[in-house]
Amino acid sequence: RVCFRETMVDPIGTCQALDLLTQDQLEQLFDESNGYLSKVDEIFDTAQTKESQALVDANNDHDDNEHASDTDEDNNTNNEDDDDGGGSGGTKPKHKNRVKNKKKHKRNSSVIADKKCLILDVDNTLIYVRHFMDEMRVGDTVRLGARHATVATITYRLDLEFSDNPGQMSSYDHALTSERDPIPQRGEWFPDDTNKLAIIHQADPTGCVLHLLHTDTQDTDANGDATNHNHNHADNDVDAAADKKASTEIKISFLQNSDELSMLEPMMERENYLAVSFMYGGYLVRIRPGLAQFLALCNAKYDVILFTAADGSVYQGLLKQVHHILKSELNETTTTEKKEMEYATPHKLWQEIYFRSDCDEKFDEYGLPYRHKNLAKLGREL
């Protein structure tokens, strides 16, 4: 996808990564001696040792500076006494240098926070984000500017590895024309699980075909009489039947910008789905109900950190908008409701966000890449 491929959400993330691991890999991951948990403790202990040493060094520097400051002060005092004893013309020295020295050597606290770190996944956990191209279905009612339209066809470009030719990729243009046609997904069989002809390595929607229905009105004269409507009754019956089914077919490519693509507004409410909270750069964003109160409660006990395998260039602004919506929701909550829930509105609902660039890229059993979130890198007690 030329316009959006670089910013698409990776469909294989944390939710599927553990499912793709074998039993031996899971046991190795959580091995107490050499697994993930041991690395977290090791890094955390190392961080504490370095932090404690830095604190000791800071205290030593502080004591040395205080001693030097006191010595300078005593010398200044002696000089002052000598000047005063020497007769007229002596002036009392100002103590600005002493104040500056105290401010300069004021110790900044660098103790590790008492709160433990709570790592939260983002996609399909806190929010549900999909690009409208991936969510579009045949039969959807959409808007094209001020007009309504129905999605008649959706086209896909598939990268397939056929069973009779393993190791070689082939591009294939696939079209969905019925609501019953399955949506091609990466890692699944094509065309279906029964007829396993090929494995789908990539599935990108490339365009759609819309049908715009016409609603023609009758021509009437000034007196409101339909003067020409019954001119040829038999022909009009045929035309009416044809007009009822007639539609204007509009083809829209997702691979290049166009006026039609910029005017296209996807379906915002779908059966069995939450309503879309907002749309960000073509992405439909749904926020989990009760998320604002949940994060407020978490902040009372933990340092909340978000970790997503999504592209930071997209999610940085997207999550900023989510934060604004959640804070507005908390500010609208009455004081009585907050007391009943026993939480206060924090200034920030999360302290840090880690993105795709912070993940380790690995490959699943099909050779497909996925992003592994290595929490040991954080060096925090979880």
L126 side chain reached by V322 side chain, heavy atoms, under 4.5 Å: no
Quick check for you: to the nearest 0.5 Å, what is the distance between Q351 atom CD and Y302 atom OH? 13.5 Å
D303 vs R380 side-chain heavy atoms within contact, under 4.5 Å: yes
With sequence neighbours left out, what residues match D173 under side chain to side chain donor-acceptor pair (under 3.5 Å)? R157
With rounding to the nearest 0.5 Å, note down the distance linking CD in Q168 to OG in S170. 5.5 Å
Please say yes or no: joined through hydrophobic side-chain contacts below 4.5 Å, possibly via intermediate residues, are L274 and L319 part of one cluster? no
Contacts of type side chain to side chain donor-acceptor pair (under 3.5 Å), residue T153, not counting sequence neighbours: none
Apart from Y128 itself, what residues make up its hydrophobic cluster, given side-chain heavy atom links below 4.5 Å? Y273
State, yes or no, whether a side-chain contact exists between N257 and S262 at a heavy-atom distance under 4.5 Å. no
Can you confirm whether the side chains of Y315 and D123 place a donor and an acceptor under 3.5 Å from each other? yes
Which value, rounded to the nearest 0.5 Å, describes the distance between Y354 atom OH and K377 atom NZ? 10.5 Å
Taking the side chain as every heavy atom from C-beta outward, state whether H323 and I353 have any pair of such atoms under 4.5 Å apart. no
Output the distance between atom CH2 (W350) and atom CG (L295), rounded to the nearest 0.5 Å. 6.5 Å
Checking R270 now: which residues fulfil salt bridge (Lys or Arg N to Asp or Glu O under 4.0 Å) with it, not counting sequence neighbours? E135, D140
Determine yes or no for a side-chain-to-main-chain donor-acceptor pair under 3.5 angstrom, with R356 supplying the side chain and A309 the backbone. yes
Distance-only, no hydrogens or angles: does the E161 side chain make a donor-acceptor pair with backbone N or O of G167 under 3.5 Å? yes
Test salt bridge (Lys or Arg N to Asp or Glu O under 4.0 Å) applied to D259 - qualifying residues, sequence neighbours left out: none
Are the side chains of S171 and D159 in contact, using a 4.5 Å heavy-atom criterion? yes
Any donor-acceptor pair under 3.5 Å from K115 side chain to N299 backbone: yes
Side chains of R371 and E361: closer than 4.5 Å at any heavy-atom pair? yes
Can you list the residues that meet the salt bridge (Lys or Arg N to Asp or Glu O under 4.0 Å) rule with D192, with sequence neighbours excluded? none
